[in-house]
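What follows is a set of notes on a single structure, which appears directly below.
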Amino acid sequence: MNATALNSALFAILAGIASIAPLTAADAAFSCLEDKSIEVVSDETLEELMEARLVDDGVGQVVINPQEIELTYFSAETVEFLFQRECARLKLGQVGAEELTDGQYHDADCAAIKSLGFATRQIETIMRDLDLAITQDFWPKTMGPPTRPLDLRTCL
């Protein structure tokens, strides 16, 4: 699939997810896609919703599994946050690092929140989704350990 078709597919996926909320998912996707060093790739075999990867030619990838995204109970805001968080992890040089500190995880959280311009209400929605993810054993691995401090309000 060429880059234009893939970008169109990602837009359709994120816009569909955002149908329960204002169509800000498309804006989120394109803010990451504007960085030519980041590609978005669809992979239905991925066991996560999405994850950032480094590829050999120096380009970073955000790999998404559209089937997993469709099955999740996460709000559109949470899916947008997770997507931008993977972009932030690439930009912050966190992908491929052996072990990150709680502060580094928080840096990626805040970079995503700031890039989306989310307000307190949206952040509360994300925090509720992530709290539920811990209790339902659905915690995204790229978020770091589920025991780490998670207070997205401090990102405002």
Side-chain angles (χ1 to χ4, degrees), residues 1 3-53 60-92 94-95 100 104-146 148-156:
M1 180 179 292
T4 302
L6 185 59
N7 289 348
S8 295
L10 175 66
F11 175 79
I13 291 165
L14 290 175
I17 291 166
S19 62
I20 59 173
L23 290 179
T24 57
D27 297 332
F30 286 108
S31 70
C32 180
L33 293 175
E34 288 172 1
D35 185 337
K36 299 299 182 200
S37 67
I38 298 175
E39 298 175 339
V40 179
V41 178
S42 177
D43 180 357
E44 293 179 356
T45 64
L46 183 68
E47 294 182 13
E48 292 283 322
L49 299 175
M50 60 194 77
E51 74 177 12
R53 296 180 182 165
Q61 291 181 335
V62 176
V63 182
I64 62 167
N65 183 338
Q67 289 182 335
E68 286 291 317
I69 291 172
E70 281 184 31
L71 295 174
T72 185
Y73 56 82
F74 286 156
S75 66
E77 289 92 349
T78 301
V79 173
E80 292 174 60
F81 165 74
L82 293 172
F83 182 82
Q84 282 301 334
R85 194 174 181 289
E86 292 306 294
C87 293
R89 290 181 60 236
L90 284 165
K91 292 176 184 178
L92 293 169
Q94 295 180 352
V95 177
L100 299 176
Q104 288 171 307
Y105 287 118
H106 188 67
D107 289 346
D109 296 342
C110 288
I113 292 294
K114 289 176 182 174
S115 74
L116 292 165
F118 279 170
T120 303
R121 179 191 60 81
Q122 293 160 308
I123 290 172
E124 294 299 328
T125 298
I126 295 167
M127 300 258 318
R128 272 193 308 275
D129 282 353
L130 293 176
D131 284 342
L132 183 60
I134 291 171
T135 63
Q136 299 295 318
D137 198 28
F138 191 67
W139 182 255
K141 287 189 287 187
T142 61
M143 287 289 296
R148 76 174 176 93
L150 181 69
D151 187 2
L152 301 178
R153 290 175 222 91
T154 63
C155 298
L156 294 176

Out of curiosity, [X] [atom1] to [Y] [atom2], how far, rounded to the nearest 0.5 Å?
| X | Y | atom1 | atom2 | result |
| --- | --- | --- | --- | --- |
| I69 | F83 | CD1 | CZ | 9.0 Å |
| L82 | I64 | CG | CD1 | 12.0 Å |
| L116 | E77 | CG | CD | 9.5 Å |
| D129 | F74 | CG | CZ | 6.0 Å |
| C87 | I38 | SG | CD1 | 5.0 Å |

State, yes or no, whether a side-chain contact exists between [X] and [Y] at a heavy-atom distance under 4.5 Å.
| X | Y | value |
| --- | --- | --- |
| W139 | P145 | no |
| M50 | V79 | yes |
| T154 | L156 | no |
| S75 | E80 | no |
| L130 | F81 | yes |
| P140 | E48 | yes |
| E68 | L46 | no |

- Item | Closest non-hydrogen atom pair, T78 against I126 |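 Here T78 and I126 meet closest at OG1-CA, 3.4 Å.
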- In chain order, what residues pass the salt bridge (charged side-chain N to carboxylate O under 4.0 Å, His left out) check against R128, with sequence neighbours excluded? none
- Task: Please name all residues satisfying salt bridge (charged side-chain N to carboxylate O under 4.0 Å, His left out) with D151, sequence neighbours left out, ordered by chain then number.
- Result: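 Counting only residues at least two positions away or on another chain, D151 forms a salt bridge (charged side-chain N to carboxylate O under 4.0 Å, His left out) with R153.
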- Only counting residues at least two apart or in another chain, list the ones meeting side chain to side chain contact (heavy atoms under 4.5 Å, CB included) with E44.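 Testing E44 for side chain to side chain contact (heavy atoms under 4.5 Å, CB included), a comparison that skips the adjacent residues, returns N65, P66, Q67.
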- List for me each residue that meets side chain to side chain contact (heavy atoms under 4.5 Å, CB included) alongside T135, sequence neighbours excluded, and say none if there are none.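 Checked T135 against side chain to side chain contact (heavy atoms under 4.5 Å, CB included); matches are L132.
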- Item | Side chains of E39 and Q61, donor plus acceptor under 3.5 Å |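 Note: E39 and Q61 side chains meet the donor-acceptor criterion.
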Which atom pairs, donor and acceptor, lie under 3.5 Å between side-chain atoms of residues 107-114 and protein residues at least two apart or in another chain?
from	atom 1	to	atom 2	distance (Å)
D109	OD1	R85	NE	2.5
D109	OD1	R85	NH2	3.3
D109	OD1	R148	NH2	3.1
D109	OD2	R148	NH1	3.0
D109	OD2	R148	NH2	2.8

- Evaluation steps, side-chain contact (heavy atoms from CB on, under 4.5 Å), between V62 and L90: CA-CA 9 Å; V62 176; L90 284 165; 4.0 Å; yes
- So, does Q94 use its side chain to make a donor-acceptor pair with the main chain of L100 at under 3.5 Å? no
- Message: Determine whether a donor-acceptor pair (N or O, by modelled atom type, separation under 3.5 Å) exists between the side chain of Q136 and the backbone of A133.
- Response: no
- Message: If the condition is side-chain hydrogen bond (donor to acceptor under 3.5 Å, both in side chains), which residues does T142 pass it with, not counting sequence neighbours?
- Response: E86
